[in-house]
2 protein chains.
Amino acid sequence: MGATKSSEFSAKENLLAKYAKALGHPARIAILKLLVSKSTCQCGDIVEELPLSQSTVSQHLKELKEAGLIKGEIEGAKVCYCIDEKEWKKAQKSLNQLFDSYKGCNECC
Amino acid sequence: MGATKSSEFSAKENLLAKYAKALGHPARIAILKLLVSKSTCQCGDIVEELPLSQSTVSQHLKELKEAGLIKGEIEGAKVCYCIDEKEWKKAQKSLNQLFDSYKGCNECC
DNA sequence: TTATTGTATCGCAATATTACGATGGAAAAT
DNA sequence: ATTTTCCATCGTAATATTGCGATACAATAA
């Protein structure tokens, strides 16, 4: 065993988990912060800003891309990584839906 | 290698990643939904609601507890699991801080 | 053409996660 | 006192993640 039983859960639960999982590593948080902070998308310098090798950063970018949170477009020699606005908002909404559904605990704890 | 280089990132980045990581599995999302939906905290029946064994559920609960999102109090023979309201709100705030910091992308992508 | 530059990907090693059955232990019920 | 119930933890196996160097590859520069 060891494989996650994703198929046993709802699509919504899996989607939310997918977004959260992508956010579940400090390097990916740092990358997203960098992408967010730049109004320009010249993002080839992410590697220089992080204490990780180029191949590791590239892998984290891949995971963020697969989760949908960012997109990468080839621009000549370089690649331009950007937040995917639509998915970004969707992720925020999904997460807040869960958080907001908690209305406090009655007479316990 | 293989160990996460947490120490190379800021406390804030690590905290946010910790919350997100805890949310990064559909079973844990499902558990949180159950805890949220019940106004009462009689939570020993989580196992029955999920397609996972008792030991696996217990482990997921432990992870949620370690991330701070829930707390468990022994109540006689049973254990009462609840959302930790304070941490719950802190997690939501941290996540939204990141999401809200994105103001759209200028002339690219 | 031949470098050079910017990225992606492969292959590997270390570590972490996921899942389960078995076992243990504490409180409640019999 | 014995059994039952509820839950945590141990041990183990399967799989996934993290990280890096080496390499490949495409576009630009020389």
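Within every chain, numbering begins at 1; the chains are lettered A, B, ... in the order of the sequence lines, protein sequences first and strands thereafter. Since the model is a prediction, treat every value here as computed from it, not as a measurement. Only heavy atoms go into these numbers, but all of them, side chains included; no hydrogens, no water, no symmetry mates.
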Sorted by number, the residues of residues 49-58 of chain A with heavy-atom contact under 4.0 Å to DNA chain D: A:L52, A:S53, A:S55, A:T56
Any salt bridge linking A:K21 with A:E63? Criterion: basic side-chain nitrogen under 4.0 Å from a carboxylate oxygen. no
State the CG-CG distance between A:D84 and A:L64, to the nearest 0.5 angstrom. 11.5 Å
Check every strand shown and say whether A:Q59 touches a base, only sugar-phosphate, or nothing at a heavy-atom separation below 4.0 Å. base
For B:E63 and C:dT17, give me the distance from atom CD to atom P, rounded to whole Å. 7 Å
Rounded to whole Å, the CD1-C1' distance (A:I46 to C:dG6) equals 12 Å
Rounded to whole angstroms, how far apart are CD on B:E48 and C1' on D:dC6? 11 Å
Give a yes/no on whether any side-chain N or O of A:Y81 is located under 4.0 angstrom from OP1 or OP2 of C:dA8. yes
NE2 of B:H25 versus P of D:dA16: gap in Å, rounded? 11 Å
What integer distance in Å separates B:L64:CG from C:dT17:C1'? 14 Å
Of the nucleotides D:dA8, D:dG19, D:dA16, which one has an atom closest to the side chain of A:K21? D:dA16
Parallel, tilted or perpendicular: which fits the ring planes of B:H60 and B:H25, with parallel below 30° and perpendicular above 60°? tilted
Taking the side chain of B:R28 as heavy atoms from C-beta outward, which of C:dA8, C:dT18, C:dA19 is closest to it? C:dT18
Tell me: NE2 of A:H60 to P of D:dT17, nearest whole Å? 12 Å
To the nearest angstrom, how far is A:K78 atom NZ from C:dT4 atom P? 18 Å
Inspect the contact between A:E87 and A:K71 and indicate whether a charged nitrogen and a carboxylate oxygen are less than 4.0 angstrom apart. no
Do A:S6 and A:T4 meet the criterion of a side-chain donor-acceptor pair at a distance under 3.5 Å? no
Quick check: do A:F9 and B:L50 have side-chain heavy atoms less than 4.5 Å from each other? yes
Go through B:S53 and B:T56 one step at a time and tell me if the side chain to side chain donor-acceptor pair (under 3.5 Å) criterion holds. CA-CA 5 Å; B:S53 75; B:T56 303; 3.0 Å; yes
Which whole-number value in Å describes the distance from A:E73 CD to C:dG6 C1'? 17 Å
